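Comments concern the structure below.
Everything numeric here is computed off the predicted structure, so don't read it as measured data.
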Amino acid sequence: MAGHKKKSLTIRYIIAFLLLLIMVFPYLYMVLNSFADWSQVDRKLIPTSFTLHSYEWLLSGGQSAEPRPWIRAFFNSLIVSTGSTVLMMVTGVVVAYALAKLQFRGRNFLNNAILFQMFFPAIILLVPTFLIIQRLGMYDSYWGMILPKALSLWAVFMYTNFFRAIPDTFIEAAKLDGASDWQIIFRIILPMSKSITIVVFLFLFMERWTELLWDMIVVKSDNMLTLNVLLSQMFGPYGGYPGPMYAASVILTVPIIILFLFFAKQFKEGMQFTLK
Amino acid sequence: MRAKNNNGMGWLFASPYLLYGLIFFLIPLGWSFYLSITDWNLIAPVFHHVGIDNFIKALKSPGVHAAFFVTFKFMIVFVPMVIASSLIVALVVHGLPRFKGLFLIGFFLPYLASGVVSSFIVKGFLSYNSPVNTFLRGQFGLDINWLGTPLSALLLVAVIIAWKFTGYYALILTSGFESINQEIYEAAAIDGVNGWQRFWKITLPLLYPALFTTLILSIGVTFGIFTEVYQLTGGGPNFGTNTWQMEIYKQAFQNLSAGYASAVALIASVVTFISIFIIRKFLEMWGKRNGWT
């Protein structure tokens with residue numbers, strides 16, 4: 001009986017491993033092809049001859065008039081994603097603190113408004129939001145990409161639920177000691193919310209890093225493009241240069257994977273809470 | 001009565017939402033309604049009020065018809081696909097005594113991919129001289145134009161998106177499996193419950209909350225498909241993958257018909273809202289009737 005169980009467990013591990021291999025195969029294919037000799041790109045399941053040619057082509061500017069647009073685009077993405085994510089986290093925490101821990105008239109109304117807005121189809125807002133950014137003089141700027149994504153309803157929702165689970169006695173005790181609301185947020189609430197903060201941060205950053213539609217319509221100049229948009233435009237409909245296309249894909253994907261793996265353990269712990 | 005003292009602080013801390021809700025929700029919402037009854041072209045200083053002309057034009061347009069049906073086609077293909085794949089992953093992984101976390105992290109990795117990147121990979125992998133197509137031509141004489149027919153293009157996009165979300169949903173389903181008490185299975189085994197009954201009578205009812213979450217999430221995804229379609233097909237061939245977002249993007253930012261696009265967006269929002277509402281109610285009823293919730 002024990003031997004049977006052990007055997008079936010081995011089979012399960014093998015199946016799990018094979019499934020995982022299938023799931024990460026597209027990434028392997030991307031990485032291998034980014035280093036593959038140009039004559040082998042998309043010609044072999046697993047390339048056999050390797051070169052750095054694709055990366056050199058990218059960093060020398062490739063077919064673009066501007067030298068090294070990829071490095072510029074990488075930093076654009078970094079600025080936009082970081083700025084946006086930081087703002088979404090700050091506004092998320094602050095608003096959630098009000099909704100979960102402060103008593104005030106209209107709180108229920110705000111709670112309902114946020115829930116309503118969360119389930120509201122956002123597509124209707126696309127064109128007028130573009131016009132607002134234009135009128136605010138933020139077309140073709142970092143702020144144009146950051147500001148419409150400066151608050152995440154999802155982040156507010158997650159933090160509100162988490163903060164509600166923190167006993168009020170902690171806060172009342174701190175208030176008796178004369179702590180202000182800001183001090184309570186920074187000294188009591190946030191240290192207790194590390195796991196959820198990691199989850200919220202990762203989801204927001206991932207989503208922002210891979211945004212296409214908004215960053216595409218609100219930016220015009222080549223030197224303002226985010227990496228994702230540059231990638232999309234340069235290797236768009238007509239293809240060509242598949243090797244550099246994979247190299248650029250690697251440059252876009254690897255940082256976010258490293259970031260995720262760095263926080264993977266805390267992410268898993270945090271997810272346990274969010275999934276309950 | 002202490003509550004009263006907090007009014008100022010409460011509104012102060014909630015003010016980021018008030019500001020954001022005003023500038024990026026209420027004003028655009030009103031503006032959108034207004035735009036939808038004009039013929040404004042995004043650039044010209046002059047425009048006219050055209051009443052409900054945009055809506056009539058939209059309801060007759062093939063692009064809008066396509067968007068309506070394509071969304072449901074995606075739903076029919078994508079939702080079962082992603083639920084099945086994430087269920088398989090969760091079933092295989094949830095009982096593993098070791099490395100379970102590591103596996104789940106691994107399966108989550110596709111979620112990090114940009115839709116642009118996954119579209120490129122699929123496009124390259126299925127390009128004319130790719131190993132797959134060379135093999136199919138050589139062995140079976142099959143020359144498949146993967147993005148050239150509406151059905152295969154739709155399937156491909158669904159597969160790409162299912163690939164992205166499988167690990168995420170598997171995480172939700174795994175925690176659903178883990179919340180099931182093993183003793184129930186043991187008791188059922190003593191009562192002679194077999195595998196299939198076990199799944200229908202025990203696993204499914206107890207997994208239902210997690211399953212409900214993944215269903216709702218995946219249905220929501222189908223209403224917001226853009227990147228993969230933009231990158232691979234541009235909505236074609238023959239409107240075969242023309243999603244709402246694709247149609248609105250084309251009308252507003254390629255044809256510059258801001259007024260008309262706003263009318264389409266309004267229709268899209270109403271359709272989305274009603275569809276999700278009905279599907280949600282239906283799922284809840286289904287769960288209730290079977291006594292799962």
Q: Can you sort out the partners of A/Gln117 under side chain to side chain donor-acceptor pair (under 3.5 Å), two or more places apart, ordered by chain and number?
A: B/Tyr17
Q: Would you confirm whether B/Tyr20, through its side chain, and A/Pro148, through its main-chain N or O, come within 3.5 Å as a donor-acceptor pair?
A: yes
Q: Would you name the heavy atoms of A/Ile123 and B/Ala265 that are closest together and state the gap between them?
A: O-CB, 4.1 Å
Q) Is there a side-chain contact between B/Tyr230 and A/Leu213 (heavy atoms, below 4.5 Å)? A) no
Q. Which heavy-atom pair separates B/Pro28 from A/Pro128 by the least distance, and what is that distance?
A. O-CG, 3.2 Å
Q: Using atom types as modelled and distance alone, determine if a side-chain donor or acceptor of A/Tyr27 lies under 3.5 Å from a backbone N or O of B/Ala113.
A: yes
Q: Working to the nearest 0.5 Å, report the span between CG of B/Leu102 and NZ of A/Lys268.
A: 9.0 Å
**Q.** Short side-chain donor-acceptor distance under 3.5 Å, A/Asp42 and B/Ser130
**A.** no
Q: For B/Trp11 and A/Arg105, indicate whether the former's side chain and the latter's backbone hold a donor-acceptor pair under 3.5 Å.
A: yes
**Q.** B/Phe13 and A/Phe104 aromatic centres sub-6.0 Å
**A.** no
Q. Side chains of B/Leu35 and A/Leu131: does their closest heavy-atom pair fall under 4.5 Å?
A. yes
(Q) Once you measure the plane-to-plane angle for A/Tyr13 and B/Phe99, does it fall in the parallel (<30°), tilted (30-60°) or perpendicular (>60°) bin? (A) perpendicular
**Q.** B/Ser32 side-chain N/O to A/Ile124 backbone N/O, donor-acceptor pair under 3.5 Å
**A.** yes
Q.
Let's test your reading of the structure: which of A/Val250, A/Val127, A/Leu99 forms the most heavy-atom pairs below 4.5 Å with chain B?
A. A/Val127
Q: Measure up the B/Phe253 and A/Phe130 rings against each other and bin them: parallel (under 30°), tilted (30 to 60°), perpendicular (over 60°).
A: perpendicular
Q.
Under the salt bridge (Lys or Arg N to Asp or Glu O under 4.0 Å) definition, can you give me all pairs with a residue in residues 95-121 of chain B, not counting sequence neighbours?
A. B/Lys100-B/Glu178
Q) Can you name the closest pair of heavy atoms from B/Leu91 and A/Arg12 and give their distance? A) O-NH2, 3.1 Å
Q: Could you tell me which of B/Ala210, B/Pro97, B/Ala252 has the largest number of non-hydrogen atom pairs under 4.5 Å with chain A?
A: B/Pro97
Q | B/Phe120/A/Tyr246 aromatic ring centres below 6.0 Å | A | no
